[in-house]
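Have a look at this one.
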Amino acid sequence: MAAACARALSKVGLLKHVLECPSSSSLAARRSLHGSRRAYGTGGPGAGGFRSRLFTTGGGGGAPGPAAALLRGSGSRVLGCAFLLGGGIGLYQTIKFSVEQQQQHLAEEEATAPAAGGLKLTLYQYKTCPFCSKVRAFMDYHGLAYEIVEVNPVMRKEIKWSTYRKVPILMVDGELQLNDSSVIISSLKTFLVSKEKAVGEVLRCYPEMKAVNDRGKEVTEYNNKYWLMLDQEETLQLYPEKGSQKEEMKWRQWADDWLVHLISPNVYRTTDEALASFDYIVREGKFSTFEGFFAKYVGAAAMFIISKRLKNKYNLQDDVRQDLYKAVNDWVAAIGKKRKFMGGEKPNLADLAVYGILRVMEGLQAFDDMMQNTKVKLWYRRMEKAAQDHEGRC
């Protein structure tokens with residue numbers, strides 16, 4: 001409620017400033033000419049300012065300006081020339097506006113082009129969430145076009161329409177809702193491999209299950225979420241090596257059940273690291289000024305305390321870096337020296353899951369320490385390139 005009030009007051013204050021400041025309209029006009037094409041219009045501040053400078057008949061007082069004197073002295077011929085000149089400029093501006101609007105429309109169409117298979121994908125996320133990062137890593141690697149809606153982690157009004165209150169949420173064609181990062185990835189991968197199945201049909205293979213955890217809280221789980229729903233021929237084509245499918249499933253689950261729980265204790269290990277982490281979260285997330293200030297200092301203090309509880313919950317060592325190093329080195333050892341990725345020459349779903357989780361630490365001390373004190377660097381850089389270059393594009 002306080003955050004909403006702060007946003008409302010800031011908007012009112014900005015509007016009051018624009019209305020009262022005499023130079024605001026000319027400043028807006030200058031910015032529109034060099035900035036967004038959306039600012040152009042026949043009645044906008046840029047057009048109005050242009051007309052006033054051309055056809056003003058007086059200065060600041062009541063004395064007539066030079067344009068008025070010229071019109072009175074030269075008669076109708078000058079008046080006609082002025083109208084022709086004005087008409088020519090108007091026509092030029094109209095054509096220019098039309099061309100720019102058409103270019104903008106084409107650019108927007110290209111930016112929101114459907115993904116492979118004609119799907120329109122919209123991801124509701126927190127940018128710094130490891131589970132959201134997993135989904136982005138998968139879609140980036142496979143070259144899928146998608147839109148992002150950054151969710152405010154305090155108010156979460158962007159997902160108020162959903163009964164499922166976690167992220168990531170992936171909307172397909174604006175109608176079909178996919179929840180849980182592993183379900184999203186398994187569903188999309190099945191769809192990409194098996195062209196005959198619609199995403200809605202695939203999703204029915206991952207039924208939602210309600211359960212009560214040890215603390216008496218109701219939780220949602222999904223059956224089969226590490227399985228791909230493929231026929232025998234498709235399975236053999238995707239997993240030609242014996243045991244590779246089970247290996248992928250094992251490490252995908254390991255990433256969700258173990259690796260992801262090492263992130264918070266490491267990025268909030270000390271008060272300085274907690275503040276640095278929340279500075280990054282606020283910078284990359286969707287926060288108002290008030291929410292950002294509150295999140296950075298109060299959130300950092302809270303997560304510093306919570307990280308200690310997580311350390312006890314998961315029986316981590318006093319120096320939680322050692323658990324991170326061990327986990328990452330276990331992962332590299334499982335890949336071995338003969339493979340570029342766990343998937344062989346190309347990343348598989350386990351590669352993408354681990355990469356997606358680890359990359360949320362980029363820019364933080366925990367990430368730098370991990371890169372310096374483990375053997376993960378070569379694999380990580382290969383994964384980074386594969387995702388950026390969309391090497392898994394169909």
Next on the checklist: Strictly by ring pair (Phe, Tyr, Trp, His ring centres under 6.0 Å), give each pair with a member in residues 304-335 just once, sequence neighbours left out.
Outcome noted: Trp251-Trp331, His261-Tyr314, Trp331-Trp379
Checklist entry - Would Tyr164 and Tyr124 count as a close aromatic pair, with their ring centres under 6.0 Å? => result no
Item to check | Over all atoms of both residues, closest heavy-atom pair of Ser186 and Leu228 | outcome: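 Minimum heavy-atom contact is O-CD2, 3.6 Å.
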Next on the checklist: side chain to side chain contact (heavy atoms under 4.5 Å, CB included) for Lys385 and Glu391? Distances and angles first, verdict last.
Outcome noted: CA-CA 8 Å; Lys385 184 178 185 302; Glu391 292 181 5; 3.6 Å; yes
Next on the checklist: Using only atom types and a distance under 3.5 Å, with no angle test, would you say the side chain of Thr128 pairs donor to acceptor with the backbone of Ile281?
Outcome noted: no
Next on the checklist: Show the nearest heavy-atom pair for residues Glu234 and Ser194, with the distance to one decimal.
Outcome noted: OE2-OG, 3.1 Å
Next on the checklist: Would you compute the distance between atom CG of Leu259 and atom CD1 of Ile263 and round it to the nearest 0.5 angstrom?
Outcome noted: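 One finds 5.5 Å between CG of Leu259 and CD1 of Ile263.
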Checklist entry - Is it true that Asp330 and Lys326 have a side-chain N and a carboxylate O under 4.0 angstrom from each other? => result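 Yes, charged N to carboxylate O under 4.0 Å.
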Item to check | Lys/Arg-Asp/Glu bridge criterion (N-O < 4.0 Å) met for Lys120, Asp173 | outcome: no
Next on the checklist: According to a hydrophobic-cluster definition based on side-chain heavy atoms being under 4.5 Å apart (Ile, Leu, Val, Met, Phe, Trp, Tyr only), do Ile305 and Leu262 belong together?
Outcome noted: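 No, Ile305 and Leu262 fall in different hydrophobic clusters.
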Item to check | Point-to-point distance, once rounded to the nearest 0.5 Å, from CG of Leu324 to CG of Asp369 | outcome: 9.0 Å
Item to check | Audit row: Phe341, Tyr355, ring-ring contact (aromatic ring centres under 6.0 Å, His included) steps and yes/no | outcome: CA-CA 11 Å; Phe341 307 100; Tyr355 168 70; 10.0 Å; no
Checklist entry - Which heavy atom in Glu273 sits nearest to a heavy atom in Ala366, and how many Å separate them? => result OE1-N, 4.1 Å
Checklist entry - Do Leu121 and Val172 come within less than 4.5 Å of each other through their side chains, counting heavy atoms only? => result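 Yes - at least one pair of side-chain heavy atoms lies under 4.5 Å apart.
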Item to check | Hphob cluster co-occupancy, Leu378 + Tyr141, side-chain heavy atoms under 4.5 angstrom | outcome: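 No; Tyr141 is not reachable from Leu378 via cluster members.
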Checklist entry - Does the side chain of Lys160 reach to within under 4.5 Å of the side chain of Arg165, using non-hydrogen atoms? => result yes
Checklist entry - Should the pair Glu147-Arg136 be classified as a salt bridge under the 4.0 Å nitrogen-to-oxygen rule? => result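 No.
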Next on the checklist: Quick one: does any side-chain atom of Ser307 pair with a main-chain N or O of Pro265 as donor and acceptor, under 3.5 Å?
Outcome noted: no
Checklist entry - Distance from Ile184 atom CD1 to Ile169 atom CD1, nearest 0.5 Å? => result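 The CD1 atom of Ile169 is 8.0 Å from CD1 of Ile184, to the nearest 0.5 Å.
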Next on the checklist: For Phe131 and Val260: C-alpha separation, side-chain torsions, deciding distance, then whether side chain to side chain contact (heavy atoms under 4.5 Å, CB included) applies.
Outcome noted: CA-CA 8 Å; Phe131 297 106; Val260 75; 3.8 Å; yes
Checklist entry - So with a 6.0 Å cut-off around CD of Gln388, is the heavy-atom count from everything else above 12? => result yes
Item to check | Proximity of Trp254 and Tyr226 rings by center, below 6.0 Å | outcome: no
Checklist entry - Between Ser182 and Arg252, which heavy-atom pair has the shortest distance, and what is it? => result O-NH2, 3.3 Å
Checklist entry - Under a 4.5 Å side-chain heavy-atom rule over Ile, Leu, Val, Met, Phe, Trp and Tyr, are Trp161 and Ile148 clustered together? => result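 Both belong to a single hydrophobic cluster.
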Next on the checklist: The test is side chain to side chain contact (heavy atoms under 4.5 Å, CB included); show your working for Phe138 and Lys189 and say whether it passes.
Outcome noted: CA-CA 9 Å; Phe138 171 86; Lys189 185 65 175 180; 4.0 Å; yes
Checklist entry - How about Tyr268 and Phe278: are their ring centroids closer than 6.0 Å? => result yes
Item to check | Steps toward side chain to side chain contact (heavy atoms under 4.5 Å, CB included) verdict (Met342, Glu248) | outcome: CA-CA 8 Å; Met342 182 163 282; Glu248 178 187 79; 5.9 Å; no
Next on the checklist: Can you see whether Lys134 engages Ser181 through a side-chain donor-acceptor pair at a distance of less than 3.5 angstrom?
Outcome noted: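 Yes, because at least one side-chain N or O of Lys134 sits under 3.5 Å from a partner of the opposite role on Ser181.
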Checklist entry - Where the side chain of Arg156 meets the backbone of Val151, is there a donor-acceptor pair that is under 3.5 Å apart? => result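 Not confirmed, Arg156 side chain does not pair with Val151 backbone.
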Next on the checklist: Is any side-chain heavy atom of Leu123 closer than 4.5 Å to one of Val135?
Outcome noted: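 SC-SC contact between Val135 and Leu123 confirmed.
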Item to check | Test item: Met371 and Tyr380 side chains (from C-beta on) under 4.5 Å apart, heavy atoms | outcome: yes
Next on the checklist: Hydrophobic clusters here meaning ILVMFWY residues chained together by side-chain heavy-atom distances under 4.5 Å, can you tell me if Leu349 and Leu236 are in one?
Outcome noted: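 No.
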Next on the checklist: Can you tell me how far apart CD1 (Ile185) and OG1 (Thr190) are? Round to the nearest 0.5 Å.
Outcome noted: 11.5 Å
Next on the checklist: Under the criterion side chain to side chain donor-acceptor pair (under 3.5 Å), I'd like the reasoning laid out for Asp140 against Tyr146: C-alpha separation, chi angles, the key distance, then a yes or no.
Outcome noted: CA-CA 9 Å; Asp140 289 342; Tyr146 60 96; 2.7 Å; yes
Next on the checklist: Other residues, nucleotides and ligands only: do more than 12 of their heavy atoms fall within 6.0 Å of CH2 on Trp227?
Outcome noted: no
Checklist entry - Taking side chain as C-beta onward, heavy atoms only, is Pro207 less than 4.5 Å from Tyr222? => result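 No. Closest side-chain heavy atoms not under 4.5 Å.
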Item to check | Beyond-backbone contact of Met139 with His142, side-chain heavy atoms, under 4.5 angstrom | outcome: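 No; the side chains remain at least 4.5 Å from each other.
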Next on the checklist: Give me the atom names and distance for the closest heavy-atom approach of Asp318 to Lys311.
Outcome noted: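 Taking every non-hydrogen atom into account, O-NZ, 3.6 Å.
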Checklist entry - Which value, rounded to the nearest 0.5 Å, describes the distance between Asp351 atom CG and Ile335 atom CD1? => result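 Reported value, rounded in 0.5 Å steps: 5.5 Å.
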Item to check | Side-chain donor-acceptor contact under 3.5 Å, Lys210 with Thr220 | outcome: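 Per modelled atom types, Lys210 and Thr220 side chains form a pair under 3.5 Å.
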Next on the checklist: Ignoring hydrogens and geometry beyond distance, is a side-chain donor-acceptor pair present between Gln322 and Asp319 at under 3.5 Å?
Outcome noted: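 A donor-acceptor contact under 3.5 Å links the two side chains.
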Next on the checklist: I'd like to know if the side chain of Arg269 and the backbone of Ala274 have a donor-acceptor N/O pair within less than 3.5 Å.
Outcome noted: no
Checklist entry - More than 12 heavy atoms of other residues, nucleotides or ligands under 6.0 Å from NZ of Lys166: is that the case? => result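 Atom NZ in Lys166 is not crowded, with 12 or fewer foreign heavy atoms closer than 6.0 Å.
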Checklist entry - Glu345 pairs by salt bridge (charged side-chain N to carboxylate O under 4.0 Å, His left out) with which of Arg339, Lys340, Lys338? => result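 Single pass found, and it is Lys340.
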Item to check | Lys127 atom NZ, over 12 foreign heavy atoms within 6.0 Å | outcome: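 Counting other residues, nucleotides and ligands, NZ of Lys127 stays at 12 neighbours or fewer.
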Next on the checklist: Using only atom types and a distance under 3.5 Å, with no angle test, would you say the side chain of Glu158 pairs donor to acceptor with the backbone of Asn152?
Outcome noted: yes
Item to check | Counterpart residues, side-chain hydrogen bond (donor to acceptor under 3.5 Å, both in side chains), relative to Glu384 (two or more places apart) | outcome: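 Checked Glu384 against side-chain hydrogen bond (donor to acceptor under 3.5 Å, both in side chains); matches are Arg381.
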Next on the checklist: Please check: side-chain N/O of Ser277 versus main-chain N/O of Val267, any donor-acceptor pairing under 3.5 Å?
Outcome noted: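 Yes, the answer is positive, given that a donor and an acceptor are paired below the 3.5 Å cut-off.
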Checklist entry - How many angstroms lie between CG in Leu188 and CG in Leu203, if you round to the nearest 0.5 Å? => result 10.0 Å
Item to check | Polar contact flag, side-chain donor to acceptor under 3.5 angstrom, Asn223-Glu221 | outcome: no
Item to check | Closest non-hydrogen atom pair between Cys205 and Met229, with its separation | outcome: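 Heavy atoms only, the tightest pair is CB-CG, 3.5 Å.
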Item to check | Side chains of Thr235 and Gln245, donor plus acceptor under 3.5 Å | outcome: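 There is no such pair between these side chains.
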